[in-house]
Trainee: 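This is the structure, below, for whatever I ask next.
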Amino acid sequence: MEYVYAALLLHSAGKSVTEEGIRNIVAASGVAADDVRIKALVAALEGVDITAVLSQAAAVPVAAAAAPVAAATAAAAPAAKEEEESKEAAEESGVEGLGALFG
């Protein structure tokens, strides 16, 4: 995770994402840099437009997260109403039962 953050930090600073840059940032954070992971990340990011990827990634989760929240809210409303009606029915039957005891 720290390698990806280092790459994003370099990108946001307007610098090229290089092995040396990532290694320096990771080392500055106090984590021992793994050269294999750094090389793999730099190779994977070669030719990738990070700005475009970030803009697409930022737009998708908002829309995707909104749908389940709306569905959960809609599903919770009838369940809450049913629970309230169930409690009221239980209270009424309890009152009726006590009345029968005292005639």
Trainee: Would you name the heavy atoms of L54 and H11 that are closest together and state the gap between them?
Mentor: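 Smallest interatomic distance, heavy atoms only, reads CD1-CD2, 4.4 Å.
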Trainee: Roughly how far apart are S55 OG and D49 CG, rounded to 0.5 Å?
Mentor: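 Spacing of OG (S55) from CG (D49) equals 8.0 Å.
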Trainee: What pair of heavy atoms forms the shortest contact from R23 to D35, and how long is it?
Mentor: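 Scanning both residues, the minimum pair turns out to be NE-OD1, 2.9 Å.
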Trainee: Let me confirm one number: the CE-CZ distance from M1 to R37, rounded to the nearest 0.5 Å.
Mentor: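 Those atoms lie 11.0 Å apart.
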Trainee: Show the numbers, then the answer: is there a side-chain contact (heavy atoms from CB on, under 4.5 Å) between T18 and V42?
Mentor: CA-CA 6 Å; T18 63; V42 171; 5.8 Å; no
Trainee: Treating Y3 as the side-chain partner and K39 as the backbone partner, does any N or O pair qualify as donor plus acceptor under 3.5 Å?
Mentor: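 Checking the backbone N and O of K39 against the side chain of Y3, no donor-acceptor pair under 3.5 Å is found.
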Trainee: Which value, rounded to the nearest 0.5 Å, describes the distance between I50 atom CD1 and S12 atom OG?
Mentor: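 Reported value, rounded in 0.5 Å steps: 10.0 Å.
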Trainee: Considering all heavy atoms of both residues, which atom of A7 and which atom of I22 are nearest to each other, and what is their separation?
Mentor: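 Heavy atoms of A7 and I22 come nearest at CB-CD1, 4.2 Å.
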Trainee: Measure across L10 and G21 and return the closest heavy-atom pair with its distance rounded to 0.1 Å.
Mentor: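 Distance-wise, the nearest heavy atoms are CD1-C, 3.6 Å.
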Trainee: Below 4.5 Å, heavy atoms only, C-beta onward: do V17 and L41 meet side chain to side chain?
Mentor: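 Side chain of V17 against side chain of L41, heavy atoms only: no contact under 4.5 Å found.
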